[in-house]
Amino acid sequence: MAHSPDAIQSAFGRDEKVRFQTSPLGGTVARLQYGRHEAVIALQGAQVLSWRHGPRELLWLSPLARLGTGKAVRGGIPVCWPWFASHPTDNDKPAHGFMRTRDWTVHSSEASDSGTTVTLGVETTEADRSLWPHSAAVEVTVTLGETLSLVLATRNTGATPFELTQALHTYFRIHDIGGIEIEGLDGRTYLDKLDDYARKVQSGPITIDREVDRIYLGDTAAISLVERDSKRHIDISSEGSRSAVVWNPWAEKTARLGDMGSDNAFRRMVCIETTNAGDDVIRLKPGEAHRMRTCYRAG
Ligand code: TA6
(Lines give C-alpha, C1' and ligand atoms only; values in the text may rest on other atoms or scores of the structure.)
Protein backbone atom coordinates (compact mmCIF):
# COMPACT_ATOMS: atom_id res chain seq x y z
CA MET A 1 0.00 0.00 0.00
CA ALA A 2 1.62 3.30 -1.03
CA HIS A 3 2.04 5.85 1.77
CA SER A 4 2.62 9.56 1.30
CA PRO A 5 6.15 10.89 1.72
CA ASP A 6 4.93 12.92 4.71
CA ALA A 7 3.50 9.85 6.45
CA ILE A 8 6.72 7.92 5.83
CA GLN A 9 8.80 10.91 6.93
CA SER A 10 6.93 11.20 10.23
CA ALA A 11 7.37 7.47 10.91
CA PHE A 12 10.96 6.95 9.72
CA GLY A 13 12.62 10.36 9.28
CA ARG A 14 15.75 10.90 11.40
CA ASP A 15 16.46 14.65 11.48
CA GLU A 16 18.63 15.60 8.50
CA LYS A 17 20.20 12.11 8.41
CA VAL A 18 17.20 10.27 6.98
CA ARG A 19 14.65 12.28 5.02
CA PHE A 20 11.82 11.05 2.79
CA GLN A 21 10.67 13.29 0.01
CA THR A 22 9.27 13.34 -3.50
CA SER A 23 12.08 13.08 -6.02
CA PRO A 24 12.32 15.36 -9.07
CA LEU A 25 12.23 12.05 -10.96
CA GLY A 26 8.75 11.43 -9.50
CA GLY A 27 8.13 8.92 -6.72
CA THR A 28 9.29 8.87 -3.11
CA VAL A 29 12.97 8.62 -2.18
CA ALA A 30 14.94 8.29 1.04
CA ARG A 31 17.81 10.77 1.30
CA LEU A 32 20.55 9.51 3.62
CA GLN A 33 23.27 11.75 4.99
CA TYR A 34 26.47 10.83 6.86
CA GLY A 35 28.82 13.72 7.40
CA ARG A 36 29.56 15.10 3.95
CA HIS A 37 28.35 11.95 2.18
CA GLU A 38 24.87 11.39 0.78
CA ALA A 39 22.84 8.59 -0.82
CA VAL A 40 19.41 8.62 -2.43
CA ILE A 41 17.25 5.48 -2.55
CA ALA A 42 13.97 5.22 -4.47
CA LEU A 43 11.18 3.25 -2.80
CA GLN A 44 10.54 1.95 -6.31
CA GLY A 45 12.66 -1.15 -6.55
CA ALA A 46 14.62 -0.18 -3.39
CA GLN A 47 16.99 1.29 -5.99
CA VAL A 48 19.92 3.45 -4.96
CA LEU A 49 19.93 6.33 -7.45
CA SER A 50 22.88 8.35 -6.14
CA TRP A 51 25.92 7.97 -3.88
CA ARG A 52 27.88 11.14 -3.27
CA HIS A 53 31.18 10.63 -1.46
CA GLY A 54 31.94 14.17 -0.48
CA PRO A 55 31.59 16.18 -3.71
CA ARG A 56 31.97 13.13 -5.97
CA GLU A 57 28.95 11.34 -7.49
CA LEU A 58 30.12 7.74 -7.80
CA LEU A 59 27.10 6.15 -9.49
CA TRP A 60 25.96 6.62 -13.08
CA LEU A 61 22.27 7.36 -13.69
CA SER A 62 20.68 7.88 -17.08
CA PRO A 63 19.55 11.47 -17.64
CA LEU A 64 16.32 9.89 -18.93
CA ALA A 65 15.66 8.12 -15.62
CA ARG A 66 12.10 8.60 -14.36
CA LEU A 67 10.25 6.86 -11.53
CA GLY A 68 6.70 5.57 -11.72
CA THR A 69 6.67 4.84 -15.44
CA GLY A 70 6.31 1.08 -15.03
CA LYS A 71 9.79 0.71 -16.56
CA ALA A 72 13.01 -0.13 -14.72
CA VAL A 73 15.29 2.85 -14.05
CA ARG A 74 18.60 2.74 -15.98
CA GLY A 75 21.47 3.33 -13.58
CA GLY A 76 22.20 3.49 -9.87
CA ILE A 77 21.91 0.07 -8.22
CA PRO A 78 18.98 -1.92 -9.66
CA VAL A 79 17.88 -4.91 -7.56
CA CYS A 80 17.52 -7.91 -9.84
CA TRP A 81 15.36 -10.57 -8.16
CA PRO A 82 14.27 -13.48 -8.19
CA TRP A 83 16.18 -14.18 -11.39
CA PHE A 84 19.23 -12.56 -12.97
CA ALA A 85 19.03 -11.45 -16.64
CA SER A 86 16.50 -13.36 -18.80
CA HIS A 87 14.08 -15.76 -17.10
CA PRO A 88 15.63 -19.24 -17.34
CA THR A 89 12.77 -20.71 -19.40
CA ASP A 90 10.41 -17.91 -20.47
CA ASN A 91 11.74 -14.88 -22.37
CA ASP A 92 8.32 -13.24 -22.12
CA LYS A 93 8.95 -12.64 -18.42
CA PRO A 94 10.71 -9.38 -17.48
CA ALA A 95 14.51 -9.38 -17.53
CA HIS A 96 16.07 -9.28 -14.06
CA GLY A 97 12.87 -10.36 -12.34
CA PHE A 98 9.91 -8.25 -11.29
CA MET A 99 10.84 -6.25 -8.21
CA ARG A 100 12.64 -3.33 -9.92
CA THR A 101 9.35 -1.60 -10.75
CA ARG A 102 7.51 -2.53 -7.54
CA ASP A 103 7.06 0.00 -4.69
CA TRP A 104 8.86 -1.32 -1.61
CA THR A 105 7.84 -0.48 1.97
CA VAL A 106 10.06 1.22 4.53
CA HIS A 107 10.70 -1.25 7.36
CA SER A 108 13.16 0.73 9.48
CA SER A 109 15.68 3.55 9.59
CA GLU A 110 18.59 4.31 11.91
CA ALA A 111 21.21 7.01 12.32
CA SER A 112 24.30 6.29 14.43
CA ASP A 113 27.91 7.47 14.66
CA SER A 114 28.98 4.59 12.41
CA GLY A 115 26.38 5.02 9.66
CA THR A 116 22.91 5.94 8.47
CA THR A 117 20.65 3.04 7.48
CA VAL A 118 17.31 2.44 5.83
CA THR A 119 15.69 -0.96 5.27
CA LEU A 120 13.06 -1.48 2.58
CA GLY A 121 11.01 -4.62 2.08
CA VAL A 122 8.58 -6.31 -0.26
CA GLU A 123 6.74 -9.64 -0.35
CA THR A 124 5.60 -11.67 -3.33
CA THR A 125 1.83 -11.69 -3.85
CA GLU A 126 -0.67 -14.22 -5.16
CA ALA A 127 -0.72 -12.20 -8.41
CA ASP A 128 3.04 -12.77 -8.74
CA ARG A 129 2.58 -16.53 -8.90
CA SER A 130 2.00 -16.33 -12.65
CA LEU A 131 5.54 -14.93 -12.88
CA TRP A 132 7.09 -17.00 -10.09
CA PRO A 133 5.18 -19.83 -8.33
CA HIS A 134 6.73 -19.35 -4.89
CA SER A 135 6.45 -17.08 -1.83
CA ALA A 136 9.22 -14.94 -0.43
CA ALA A 137 9.93 -11.87 1.65
CA VAL A 138 12.79 -9.66 0.48
CA GLU A 139 14.61 -6.83 2.22
CA VAL A 140 17.28 -4.39 1.06
CA THR A 141 19.25 -2.63 3.77
CA VAL A 142 21.35 0.36 2.65
CA THR A 143 23.97 1.76 5.02
CA LEU A 144 25.85 4.98 4.29
CA GLY A 145 28.98 5.71 6.29
CA GLU A 146 32.54 6.14 5.06
CA THR A 147 31.47 3.23 2.80
CA LEU A 148 28.19 2.37 1.07
CA SER A 149 26.91 -1.11 1.79
CA LEU A 150 23.82 -3.02 0.72
CA VAL A 151 22.38 -6.28 2.01
CA LEU A 152 19.85 -8.15 -0.17
CA ALA A 153 18.06 -10.66 2.06
CA THR A 154 15.53 -13.28 0.94
CA ARG A 155 13.40 -15.59 3.09
CA ASN A 156 11.36 -18.47 1.70
CA THR A 157 7.93 -17.88 3.24
CA GLY A 158 6.19 -20.57 1.20
CA ALA A 159 5.76 -24.34 1.29
CA THR A 160 7.97 -25.15 -1.70
CA PRO A 161 11.73 -24.89 -2.17
CA PHE A 162 12.96 -22.49 -4.83
CA GLU A 163 16.07 -21.50 -6.75
CA LEU A 164 17.15 -17.87 -6.69
CA THR A 165 19.52 -15.86 -8.85
CA GLN A 166 19.92 -12.14 -8.17
CA ALA A 167 22.11 -9.08 -8.54
CA LEU A 168 22.93 -5.72 -7.09
CA HIS A 169 23.43 -4.37 -10.60
CA THR A 170 25.61 -1.36 -9.87
CA TYR A 171 26.37 1.29 -12.50
CA PHE A 172 29.60 3.03 -11.50
CA ARG A 173 30.28 6.48 -12.89
CA ILE A 174 33.75 6.80 -14.47
CA HIS A 175 35.68 9.49 -16.33
CA ASP A 176 36.17 7.32 -19.42
CA ILE A 177 35.86 3.58 -20.13
CA GLY A 178 39.27 3.66 -21.84
CA GLY A 179 40.97 4.69 -18.62
CA ILE A 180 39.83 2.00 -16.18
CA GLU A 181 41.07 -1.36 -14.99
CA ILE A 182 39.07 -3.86 -12.94
CA GLU A 183 41.31 -5.81 -10.58
CA GLY A 184 40.70 -8.87 -8.43
CA LEU A 185 39.41 -11.31 -11.05
CA ASP A 186 42.72 -12.50 -12.51
CA GLY A 187 42.61 -16.27 -13.09
CA ARG A 188 38.85 -16.50 -12.57
CA THR A 189 36.63 -18.45 -14.94
CA TYR A 190 33.91 -16.38 -16.58
CA LEU A 191 30.89 -17.09 -18.75
CA ASP A 192 31.04 -14.88 -21.84
CA LYS A 193 27.44 -13.92 -22.58
CA LEU A 194 28.52 -12.55 -25.96
CA ASP A 195 30.01 -15.89 -26.99
CA ASP A 196 27.16 -18.23 -26.11
CA TYR A 197 28.23 -18.29 -22.44
CA ALA A 198 31.55 -19.92 -23.36
CA ARG A 199 33.74 -20.55 -20.32
CA LYS A 200 36.97 -18.52 -20.45
CA VAL A 201 39.67 -17.55 -17.96
CA GLN A 202 40.53 -13.96 -17.08
CA SER A 203 44.16 -13.03 -17.52
CA GLY A 204 45.26 -9.99 -15.56
CA PRO A 205 43.11 -6.91 -14.88
CA ILE A 206 40.04 -6.30 -17.05
CA THR A 207 40.25 -3.43 -19.54
CA ILE A 208 37.31 -2.62 -21.82
CA ASP A 209 37.44 -1.54 -25.48
CA ARG A 210 34.22 -3.18 -26.76
CA GLU A 211 30.90 -4.57 -25.42
CA VAL A 212 31.61 -6.80 -22.43
CA ASP A 213 29.04 -8.97 -20.67
CA ARG A 214 30.63 -11.58 -18.40
CA ILE A 215 29.65 -13.60 -15.33
CA TYR A 216 32.80 -14.21 -13.28
CA LEU A 217 32.65 -17.26 -11.02
CA GLY A 218 34.28 -18.37 -7.76
CA ASP A 219 36.08 -16.05 -5.38
CA THR A 220 34.79 -12.64 -6.44
CA ALA A 221 34.76 -11.19 -2.94
CA ALA A 222 37.42 -8.50 -3.49
CA ILE A 223 37.28 -6.43 -6.68
CA SER A 224 38.68 -2.96 -7.38
CA LEU A 225 37.64 -0.47 -10.03
CA VAL A 226 40.70 1.70 -10.73
CA GLU A 227 40.87 4.85 -12.85
CA ARG A 228 44.45 4.83 -14.12
CA ASP A 229 45.02 8.58 -14.57
CA SER A 230 43.44 9.88 -11.36
CA LYS A 231 44.47 6.78 -9.37
CA ARG A 232 40.95 6.93 -7.90
CA HIS A 233 39.48 3.58 -7.01
CA ILE A 234 36.43 1.89 -5.57
CA ASP A 235 37.07 -1.29 -3.60
CA ILE A 236 34.18 -3.74 -3.72
CA SER A 237 33.90 -6.43 -1.05
CA SER A 238 31.05 -8.95 -0.93
CA GLU A 239 29.64 -11.84 1.10
CA GLY A 240 26.99 -14.40 0.20
CA SER A 241 28.06 -14.26 -3.44
CA ARG A 242 30.36 -16.42 -5.58
CA SER A 243 29.90 -14.57 -8.86
CA ALA A 244 30.21 -11.06 -10.24
CA VAL A 245 29.13 -9.51 -13.52
CA VAL A 246 31.10 -6.99 -15.57
CA TRP A 247 29.07 -5.23 -18.25
CA ASN A 248 29.52 -2.37 -20.65
CA PRO A 249 27.07 -2.07 -23.58
CA TRP A 250 29.47 -0.16 -25.87
CA ALA A 251 28.10 1.88 -28.77
CA GLU A 252 25.83 -0.47 -30.68
CA LYS A 253 23.91 -1.81 -27.66
CA THR A 254 23.73 1.71 -26.18
CA ALA A 255 21.89 2.78 -29.34
CA ARG A 256 19.63 -0.29 -29.13
CA LEU A 257 18.79 0.32 -25.47
CA GLY A 258 17.71 3.89 -26.26
CA ASP A 259 17.55 4.96 -22.60
CA MET A 260 21.18 5.74 -21.86
CA GLY A 261 20.70 9.42 -22.63
CA SER A 262 23.42 9.85 -25.30
CA ASP A 263 25.24 7.78 -27.92
CA ASN A 264 28.51 7.87 -25.97
CA ALA A 265 27.01 7.35 -22.52
CA PHE A 266 28.74 3.95 -22.40
CA ARG A 267 32.07 5.76 -22.01
CA ARG A 268 31.03 7.17 -18.62
CA MET A 269 29.81 4.00 -16.92
CA VAL A 270 30.70 0.43 -16.11
CA CYS A 271 28.59 -2.15 -14.30
CA ILE A 272 30.32 -4.29 -11.69
CA GLU A 273 27.57 -6.35 -10.13
CA THR A 274 27.54 -8.42 -6.98
CA THR A 275 25.46 -11.46 -7.91
CA ASN A 276 24.29 -14.97 -7.41
CA ALA A 277 24.31 -15.84 -11.12
CA GLY A 278 25.57 -18.44 -13.58
CA ASP A 279 26.66 -21.54 -11.64
CA ASP A 280 26.12 -19.56 -8.41
CA VAL A 281 22.46 -20.45 -7.76
CA ILE A 282 20.89 -20.15 -4.31
CA ARG A 283 18.45 -22.86 -3.23
CA LEU A 284 16.13 -22.11 -0.30
CA LYS A 285 13.87 -24.62 1.42
CA PRO A 286 10.70 -23.36 3.15
CA GLY A 287 11.70 -21.13 6.07
CA GLU A 288 15.34 -20.78 4.94
CA ALA A 289 16.91 -17.39 4.28
CA HIS A 290 19.91 -16.01 2.35
CA ARG A 291 21.71 -12.69 2.48
CA MET A 292 24.04 -11.20 -0.11
CA ARG A 293 26.08 -8.15 0.95
CA THR A 294 28.23 -5.75 -1.02
CA CYS A 295 30.31 -2.89 0.33
CA TYR A 296 31.91 -0.04 -1.65
CA ARG A 297 34.87 1.98 -0.34
CA ALA A 298 35.96 4.99 -2.40
CA GLY A 299 39.60 6.06 -2.40
O1 TA6 B 1 24.09 -7.51 -16.14
C2 TA6 B 1 24.31 -7.36 -17.53
C3 TA6 B 1 22.98 -7.49 -18.25
O4 TA6 B 1 22.41 -8.76 -18.04
C5 TA6 B 1 23.20 -7.19 -19.74
O6 TA6 B 1 23.07 -8.35 -20.54
C7 TA6 B 1 22.13 -6.13 -20.05
O8 TA6 B 1 20.93 -6.74 -20.43
C9 TA6 B 1 22.04 -5.44 -18.70
O10 TA6 B 1 22.05 -6.51 -17.76
C11 TA6 B 1 20.89 -4.47 -18.54
O12 TA6 B 1 19.69 -5.17 -18.40
P13 TA6 B 1 18.33 -4.29 -18.33
O14 TA6 B 1 17.22 -5.27 -18.20
O15 TA6 B 1 18.45 -3.40 -17.12
O16 TA6 B 1 18.31 -3.49 -19.60
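Just so we're clear, the structure is a prediction, and the values are computed from it rather than from any experiment.
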Between T28 and S23, is any pair of side-chain heavy atoms under 4.5 Å apart? no
Connecting only ILVMFWY residues whose side-chain heavy atoms lie within less than 4.5 Å of each other, what is the rest of L194's hydrophobic cluster? none
Taking all atoms of both residues into account, what is the closest heavy-atom pair of A167 and L152, and its distance? O-CD2, 4.4 Å
Under 4.5 Å between side-chain heavy atoms, counting indirect links through other Ile/Leu/Val/Met/Phe/Trp/Tyr residues: same cluster for L185 and W247 or not? no
Does the side chain of S135 reach to within under 4.5 Å of the side chain of R129, using non-hydrogen atoms? yes
Stepwise ring-ring contact (aromatic ring centres under 6.0 Å, His included) check, W83 with F98: CA-CA 9 Å; W83 60 81; F98 51 88; 5.7 Å; yes
For the NE2 atom on H107, are there more than 12 heavy atoms of other groups (residues, nucleotides or ligands in this structure) within a distance under 6.0 Å? yes
First locate atom CG of D279, then atom OG1 of T165, and finally report the distance between them rounded to the nearest 0.5 Å. 12.0 Å
Strictly by modelled atom types, are Q166 and N276 linked by a side-chain donor-acceptor pair under 3.5 Å? yes
Pairing residues for F162 by the ring pair (Phe, Tyr, Trp, His ring centres under 6.0 Å) criterion, not counting sequence neighbours: W132, H134
Establish whether L43 and L59 are linked, either directly or via other cluster members, by ILVMFWY side-chain heavy-atom contacts under 4.5 Å. yes
Separation between CD1 of I272 and OG1 of T220, rounded to the nearest 0.5 Å: 11.5 Å
What are the two closest heavy atoms between A111 and K17, and how far apart are they? CB-CD, 3.6 Å
When you compare the side chains of T117 and T143, does any donor N or O come within less than 3.5 Å of an acceptor on the partner? yes
Quick one, I223 with E183, criterion side chain to side chain contact (heavy atoms under 4.5 Å, CB included). Give me CA distance, side-chain angles, the key distance, then yes/no. CA-CA 6 Å; I223 298 173; E183 300 172 353; over 6 Å; no
With rounding to the nearest 0.5 Å, note down the distance linking OG1 in T116 to CG in L144. 6.0 Å
Do I282 and T154 have side chains that get closer than 4.5 Å, going by heavy atoms? no
Would you call C295 and S238 a side-chain contact if the rule is heavy atoms closer than 4.5 Å? no
Within-4.5 Å side-chain heavy-atom neighbours: L164 and V281: no
Give, for atom OG1 of T141 and atom CG of L120, the distance between the pair rounded to the nearest 0.5 Å. 8.0 Å
Return the CE to CZ distance between M260 and R268, rounded to the nearest 0.5 Å. 11.5 Å
Does any N or O in the side chain of D128 come within less than 3.5 Å of the main-chain N or O of T125, such that one atom is a donor and the other an acceptor? yes
R155 CZ: over 12 foreign heavy atoms closer than 6.0 Å: no
Answer yes when E227 and K231 have at least one side-chain N-carboxylate O distance shorter than 4.0 Å, and no when they do not. no
Strictly distance-based, threshold 3.5 Å: is any side-chain N or O of Q9 a donor or acceptor partner for the main-chain N or O of D6? no
Quick check: do W104 and M99 have side-chain heavy atoms less than 4.5 Å from each other? yes
Mind checking whether I41 and L49 have side chains closer than 4.5 Å, heavy atoms only? no
Is there a side chain to side chain contact (heavy atoms under 4.5 Å, CB included) between V270 and L225? Walk through the geometry before answering. CA-CA 9 Å; V270 63; L225 168 59; 4.1 Å; yes
Sort and list the pairs that fulfil side chain to side chain donor-acceptor pair (under 3.5 Å) and have at least one residue in residues 60-72, not counting sequence neighbours. none
Can we say E57 and R173 salt-bridge, meaning some charged N sits less than 4.0 Å from an Asp/Glu carboxylate O? no
For I234 and I236, run side chain to side chain contact (heavy atoms under 4.5 Å, CB included): C-alpha distance rounded to whole Å, both residues' side-chain angles, the deciding distance at 0.1 Å, then the answer. CA-CA 6 Å; I234 294 179; I236 303 166; 4.3 Å; yes
Evaluation steps, side chain to side chain contact (heavy atoms under 4.5 Å, CB included), between V151 and M292: CA-CA 6 Å; V151 175; M292 179 173 78; over 6 Å; no
Does T207 reach the side chain of I180, with side-chain heavy atoms less than 4.5 Å apart? no
What closest approach, in Å, do P161 and P286 show between heavy atoms, and which atom pair accounts for it? N-CD, 3.9 Å
Would you say F84 and V140 are hydrophobically clustered, going by side-chain heavy atoms of ILVMFWY under 4.5 Å? no
Decide yes or no on salt bridge (Lys or Arg N to Asp or Glu O under 4.0 Å) for R74 and D259, but give the supporting numbers first. CA-CA 7 Å; R74 176 78 58 204; D259 61 3; 2.9 Å; yes
Please confirm whether the backbone N or O of A136 pairs with a side-chain atom of T157, one donor and one acceptor, at under 3.5 Å? yes
In one Ile/Leu/Val/Met/Phe/Trp/Tyr side-chain cluster, 4.5 Å: I182, L58: yes
Does any N or O in the side chain of H96 come within less than 3.5 Å of the main-chain N or O of A85, such that one atom is a donor and the other an acceptor? yes
If we check side chain to side chain contact (heavy atoms under 4.5 Å, CB included) with K193, which of these qualifies: V212, D213, I215? D213
With I77, which of Y296, F172, W51 fulfils side chain to side chain contact (heavy atoms under 4.5 Å, CB included)? Y296
Heavy-atom count around D209 CG within 6.0 Å, excluding the residue itself: above 12? yes
Cation over ring, R188 on Y216, under 6.0 Å and within 45°? no
Would you say R228's side chain and G178's backbone share a donor-acceptor pair under 3.5 angstrom? yes
Do you know which of K200, R199, R214 makes side chain to side chain donor-acceptor pair (under 3.5 Å) with D192? K200
Who passes ring pair (Phe, Tyr, Trp, His ring centres under 6.0 Å) against F20, sequence neighbours left out? none
Is there a donor-acceptor pair under 3.5 Å between the side chain of S243 and the backbone N or O of T275? yes
Just grab all the side chain to side chain donor-acceptor pair (under 3.5 Å) pairs involving residues 30-49, residues at least two apart or on different chains. Q21-R31, R31-E38, H37-E146
Check whether any side-chain N or O of S112 sits under 3.5 Å from a backbone N or O of S114 as a donor-acceptor pair, and report yes or no. yes
Examine distances only and state if a side-chain atom of S4 and a backbone atom of A7 form a donor-acceptor pair shorter than 3.5 Å. yes
Taking N156 for its side chain and G158 for its backbone only, find out whether a donor-acceptor pair lies under 3.5 Å. yes
With rounding to the nearest 0.5 Å, note down the distance linking CZ in R297 to OG in S149. 10.5 Å
Checking F12 now: which residues fulfil ring pair (Phe, Tyr, Trp, His ring centres under 6.0 Å) with it, not counting sequence neighbours? none
Main-chain N/O of L131 paired to K93 side chain as donor or acceptor, under 3.5 Å: yes
Quick one: do I177 and L61 end up in the same hydrophobic cluster if we chain Ile, Leu, Val, Met, Phe, Trp and Tyr together by side-chain heavy atoms under 4.5 Å apart? no
